[in-house]
There are 2 protein chains.
Amino acid sequence: MRSETAIRALGALAQEHRLAAFRLLVEAGPTGLAAGALAERLAIAPSSLSFHLAQLANAGLVAQVRQGRSIIYTADFAAMGALVGYLTENCCEGASCSSAVAMPAACC
Amino acid sequence: MRSETAIRALGALAQEHRLAAFRLLVEAGPTGLAAGALAERLAIAPSSLSFHLAQLANAGLVAQVRQGRSIIYTADFAAMGALVGYLTENCCEGASCSSAVAMPAACC
DNA sequence: TCGATATTTCAACAAATATCGAATCAAGGG
DNA sequence: CCCTTGATTCGATATTTGTTGAAATATCGA
């Protein structure tokens, strides 16, 4: 992953509503959620949500597909994994730096 | 880690110069780097760097200690690990979502 | 085709962010 | 005590970001 890509992904997640939206999509799994359902759960205006979803999509963190009148958004787990991988490799000395627990060498 | 903390950390890393600075500090390890050395390597004005380092410090990603006339910055690996952990737990369905490789269940 | 529903796009604006140069502060060396 | 060096703080300014309401687009059912 290029650092420019990582910056876009980090920026996309670095906002209250977008992080919350993405977490809801992760929770929803492959089924995803319609834009309207997200707006309702997040209690923000539909146009605001559109703005945020566009940023998440631009960063490649979510995918969208029209289903009837609704547009269903799903989290892109591969993209998220790539981001975590980038952070681990470039910002953690290549080790899984999650503090307490010791990790087997081949892991992460 | 609270989501507010995660947002601050994500926002701190979501900028070209700050991400580059943090990577240099990771590379430098526990020894760290002086502010001046960072500014020179990043080719930005000292005052700009101060602004960015303040954000990284506010997010808890770097620590600073005065050493003579210089101020030495070091990456906080525990904070970075906590961020990676947060993303893995909350945004990857608790699994290490790093795409290709299959991970043992107890891992990550 | 018409109307209702689901979303996005647009325009306008307030707020936050990034940048720089000048001024300020801290620590040493003469 | 002065002067130099390393770094931060302060203004000023340009850019980006987030929010909203109104208008436009797409789909479906009657």
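In this text, all values refer to a predicted model and were calculated from it rather than measured experimentally.
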**Report entry** Sole candidate of B:Glu27, B:Glu40, B:Arg41 that passes side chain to side chain contact (heavy atoms under 4.5 Å, CB included) when paired with B:Leu33
**Finding:**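 Single side chain to side chain contact (heavy atoms under 4.5 Å, CB included) partner of B:Leu33 among B:Glu27, B:Glu40, B:Arg41: B:Arg41.
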
Report task. For a side chain to side chain contact (heavy atoms under 4.5 Å, CB included) with A:Leu61, tell me which candidate from A:Leu25, A:Leu13, A:Leu53, A:Val26 qualifies. Result ->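 For A:Leu61, the side chain to side chain contact (heavy atoms under 4.5 Å, CB included) check succeeds only for A:Leu13.
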
**Report entry** Point-to-point distance, once rounded to the nearest 0.5 Å, from CD1 of A:Ile7 to CG of B:Leu19
**Finding:**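 So the CD1 of A:Ile7 and the CG of B:Leu19 are separated by 5.0 Å.
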
**Report entry** Rounded distance (nearest 0.5 Å) linking atom OG1 of B:Thr88 with atom CG of B:Leu83
**Finding:**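 Here the rounded value is 9.0 Å.
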
Query raised in the report: Can you tell me if the side-chain N/O atoms of A:Ser50 get under 4.0 Å from OP1 or OP2 in C:dT9?
Result: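 For A:Ser50, the contact criterion (side-chain N or O under 4.0 Å from OP1 or OP2 of C:dT9) is not met.
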
Query raised in the report: Between B:Tyr73 and D:dT8, does any side-chain N or O lie under 4.0 Å from OP1 or OP2?
Result: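 Yes, such a contact exists.
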
**Report entry** Under 3.5 Å donor-acceptor, A:Arg66 side chain and A:Gly68 backbone
**Finding:**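 Pair found, side chain donor or acceptor close to backbone of A:Gly68.
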
May I have the distance from [X] (atom [atom1]) to [N] (atom [atom2]), rounded to whole angstrom?
X	N	atom1	atom2	result
A:Leu53	C:dT7	CG	C1'	10 Å
B:Asn58	D:dT8	CG	P	15 Å
A:Gln64	C:dT7	CD	C1'	10 Å
A:Gln55	C:dT9	CD	C1'	15 Å
B:Ile72	C:dA26	CD1	P	19 Å

**Report entry** Contact state string [nucleotides 25-30 of chain D, B base, S sugar-phosphate only, - no protein heavy atom under 4.0 Å]
**Finding:** -SBB--

Report summary line: A correct dot-bracket answer for DNA chain D, with pairs being Watson-Crick or G-U at under 3.5 Å, [ ] for crossing pairs and | for inter-strand pairs, is ||||||||||||||||||||||||||||||

**Report entry** Pairs involving residues 68-87 of chain A, ordered by first then second residue, that meet side-chain hydrogen bond (donor to acceptor under 3.5 Å, both in side chains) (sequence neighbours left out)
**Finding:**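 Listed by first then second residue: A:Gln64-A:Tyr73, A:Tyr86-B:Arg23.
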
Query raised in the report: Which side-chain hydrogen bond (donor to acceptor under 3.5 Å, both in side chains) pairs, counting each pair once, include a residue from residues 10-19 of chain A, with sequence neighbours left out?
Result: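 As it turns out, the side-chain hydrogen bond (donor to acceptor under 3.5 Å, both in side chains) pairs with a partner in residues 10-19 of chain A, which skip direct neighbours, are A:Arg18-A:His52.
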
Query - Contact list for DNA chain D against residues 5-43 of chain A - heavy-atom distance below 4.0 Å - result: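 Within this stretch, A:Gln15, A:His17, A:Arg18 sit under 4.0 Å of the strand.
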
Distances for protein N/O vs nucleotides 20-23 of chain D N/O pairs under 3.5 angstrom?
{"unit_1": "D:dT20", "atom_1": "OP2", "unit_2": "A:Ser48", "atom_2": "OG", "d": "3.3"}
{"unit_1": "D:dG21", "atom_1": "O6", "unit_2": "A:Ser47", "atom_2": "OG", "d": "3.3"}

